[in-house]
Every structure is written in structure tokens, then in C-alpha cells.
Amino acid sequence: MRRLFKRFVAAAVLSLSLFAVPASAQASRTWVSGVGDDANPCSRTAPCKTLAGAISKTAAAGEINILDPAGIGSVTITKSITIQGEGTLGSILASGTNGIIINAATTDRVVIQNIEIEGFGGSCVSGIKILSANQVSVINTTIRACQNGIEVANTNDVMMTIDQSEFIANTGYGINYTTSVGRSRAWVTRNLFAFNDLGHVRMNAPQQKMSIDDNKFAGPSGTFSLNNGAQLTSYGNNLFDDVPPTGYQLKQQN
């Protein structure tokens, strides 16, 4: 009888262990809301409050969704992730800091889509700062009143797509490469660059290459800074309110 009881207990323990969910389990999709709480599991019905709270509960290659118009806080990204604000006005108020830092593995892919980053009068360092990743996509995102809209400070190879975004009234550059070490390739399409004080794009090395198509460049500076053989190539319909930059190449589409 005692032996039978022991077998029953062992079977019960095994059954419970098979169905137990680890406390550290991460979801492939999480949510944030202005009325959420970072102590929540970041589910649809119990969302987190900030991106920083949600990213630790989101699995690599997962997605963080923004439920409502709210300040969602700055965040550092260290893995493949998508941050999606479609249908809302999810915003980051980055006062005295960076809005989003991307410091992921050299195999990781990061997507930032439908986000507004507000620099609060130029006190924001960079709206998005790229240190490391394999691929970065910035889509339908507005970066306003930072020192740099996007700062590219990579030391590894990185590919970037920047599409349908706005870089407005930044006190430095819309896109600023602050290193000459890593290689990068950027496709920049259908964006607005306006009233960036020092210029719209600054590049620093021959291994930095950018293709631009169907962008609008406006404002008192109207300038590009292409240094040390950096390559800027146009494949189509860009509108300048000033003369095209020195080093600018025009390539016809096939």
C-alpha cells in the first residue's frame, strides 16, 4: 500500500511539472498602455505601462503593441523586436536622454513603426541611437526637437531602411553618423526632413552608403555633410529647397 501511494505522489508531481509555466516565460506579443502597470504580465487585458517594462517580458523576435495615446518611456533594445504603434499616438518624451537605444546582436532585426519621439526643446540626445544590430527599420516615425533624429554609431555592419518618417526641428542633424568604423547601408525613402539646424544628413566614411528616393528636404540649412568619401546616391524623385549636396550622385532607375 505504501509503495502504491509513493507511485501516486510521483505521478502527480510529474504531471504538475509538465503543465507548470516558468515564472520567467516571455510572450511573443505584449502590450503597453497609459493605464497599464509594469508589474502586469503585459497581456492584452493586463498591459504594461512602459516599453522598458514590456521588453523584458517579450521574447526575442516578438512584438510590443501600443494600445492608446500615452507616453511609453525610453527603452534600450538588446534583441530582435518590433515596436508597433499603429492606430495610436504612442510617444516617447526623451528629455535629457536618448529615446531608443538599439544595442542588439549582430544577427538581430529591429523594427520601430508608428512612434513619435519628442525631444522637449532639444534636450533629447538622439531620438534613435543605433549601436549594434544586423537590420534596423524605422517606419512612419516622427522625431522632433532632439539633437539628432537618428544617430548611427555602429561598429559592426548594419543595414537600415527608413521609410515614411519625419525629422523635424532637430538641433543637430536628421540622420547623423557619429562613427567612421562600422560599415552601413541605408535605404531612405518617402521621408520629410525639415528645419534641422545643422543639416539633414551627415556621413563620415567611405563604407557608409545611403540611397535616397522620394524624400523632401526643407528648411534654412538644406545641407548634407558627406565626409571622407561617404556615398549618397539618389534613385529618383527627391525635392530639395536648396542645391543638391556636394558628392551627390544621380542614378537612373532601370
Side-chain angles (χ1 to χ4, degrees), residues 83-92 94 98-100 102 110-122 124-130 135-152 158-178 184-204 208-227 230-254:
I83 298 176
Q84 176 60 260
E86 185 173 5
T88 69
L89 187 63
S91 62
I92 297 172
N98 297 288
I100 297 173
I102 300 173
V110 176
V111 179
I112 310 297
Q113 189 165 8
N114 300 302
I115 300 293
E116 180 182 69
I117 302 174
E118 173 61 49
F120 198 67
C124 158
V125 181
S126 294
I128 299 173
K129 183 171 184 176
I130 302 170
Q135 298 174 23
V136 176
S137 295
V138 179
I139 306 165
N140 197 29
T141 291
T142 297
I143 304 175
R144 182 188 301 110
C146 288
Q147 293 173 30
N148 298 298
I150 295 177
E151 179 184 353
V152 186
V158 63
M159 294 181 288
M160 298 174 288
T161 56
I162 303 169
D163 184 46
Q164 299 183 79
S165 295
E166 296 181 343
F167 303 86
I168 301 173
N170 296 291
T171 60
Y173 294 89
I175 301 174
N176 188 10
Y177 290 71
T178 57
S184 66
R185 185 75 174 90
W187 291 266
V188 179
T189 57
R190 300 183 293 178
N191 303 287
L192 171 65
F193 294 79
F195 310 110
N196 299 298
D197 288 351
L198 297 183
H200 300 313
V201 176
R202 177 175 177 260
M203 303 168 69
N204 287 317
Q208 297 169 352
K209 300 179 181 180
M210 179 182 291
S211 298
I212 58 174
D213 181 28
D214 199 17
N215 300 282
K216 295 179 176 63
F217 300 96
S221 55
T223 60
F224 289 71
S225 179
L226 305 177
N227 305 307
Q231 299 178 46
L232 178 70
T233 303
S234 174
Y235 282 85
N237 180 26
N238 295 287
L239 177 63
F240 301 92
D241 76 342
D242 201 345
V243 294
T246 302
Y248 169 89
Q249 304 172 47
L250 175 63
K251 230 177 230 192
Q252 297 296 331
Q253 291 177 310
N254 293 327

- Query: How far apart are the closest heavy atoms of Met203 and Gln208, and which atoms are they?
  - Reply: CE-O, 3.3 Å
- Task: Report the distance from atom SG of Cys124 to atom CD of Gln147, rounding to the nearest 0.5 Å.
- Result: 7.5 Å
- Query: Which pair of non-hydrogen atoms, one from Cys146 and one from Gly127, has the smallest distance, and what is that distance?
  - Reply: SG-N, 3.7 Å
- Query: With a 4.5 Å limit on heavy-atom distance, are the side chains of Asn227 and Tyr177 in contact?
  - Reply: no
- Check Asn215, Thr141, Asn140 against Asn191 for a side-chain hydrogen bond (donor to acceptor under 3.5 Å, both in side chains) and give me the one that passes. Asn215
- Item | Nearest-0.5 Å distance that lies between atom CG in Asn170 and atom CG in Leu198 | 10.0 Å
- Task: Calculate, to the nearest 0.5 Å, the distance between atoms CD1 and CD1 belonging to Ile115 and Ile92 respectively.
- Result: 6.0 Å
- Task: Drop me the distance from Leu192's CG to Thr142's OG1, to the nearest 0.5 angstrom.
- Result: 9.0 Å
- Side chains of Arg185 and Ser211, donor plus acceptor under 3.5 Å: yes
- Within-4.5 Å side-chain heavy-atom neighbours: Glu116 and Arg144: yes
- Salt-bridge test for Asp214 and Arg190: reply yes if a basic N is under 4.0 Å from a carboxylate O, no otherwise. no
- Should Glu118 and Ser91 count as side-chain neighbours, where that means a heavy-atom distance under 4.5 Å? no
- Do the rings of Phe224 and His200 sit parallel, tilted or perpendicular, given the 30° and 60° boundaries? perpendicular
- Indicate the atoms forming the closest heavy-atom contact of Asn238 with Ser234, along with that distance. ND2-OG, 2.8 Å
- Message: Among Val136, Ile100, Asn176, Ile162, which residue satisfies the side chain to side chain contact (heavy atoms under 4.5 Å, CB included) criterion with Ile150?
- Response: Ile162
- Query: Are the side chains of Ile175 and Met210 in touch, meaning some heavy atoms are under 4.5 Å apart?
  - Reply: yes
- Query: Does the side chain of Asn196 reach to within under 4.5 Å of the side chain of Tyr173, using non-hydrogen atoms?
  - Reply: no
- Counting only N and O atoms by type, is there a donor-acceptor contact under 3.5 Å from the side chain of Ser165 to the main-chain atoms of Asp163? yes
- Item | Student check: side-chain heavy atoms of Val188 and Phe193 closer than 4.5 Å | yes
- Message: If I take atom CD1 from residue Ile128 and atom CD1 from residue Ile117, how far apart are they, to the nearest 0.5 angstrom?
- Response: 4.5 Å
- Look up atom CG in Asn98 and atom CD in Glu151, then write down how far apart they are to the nearest 0.5 Å. 7.0 Å
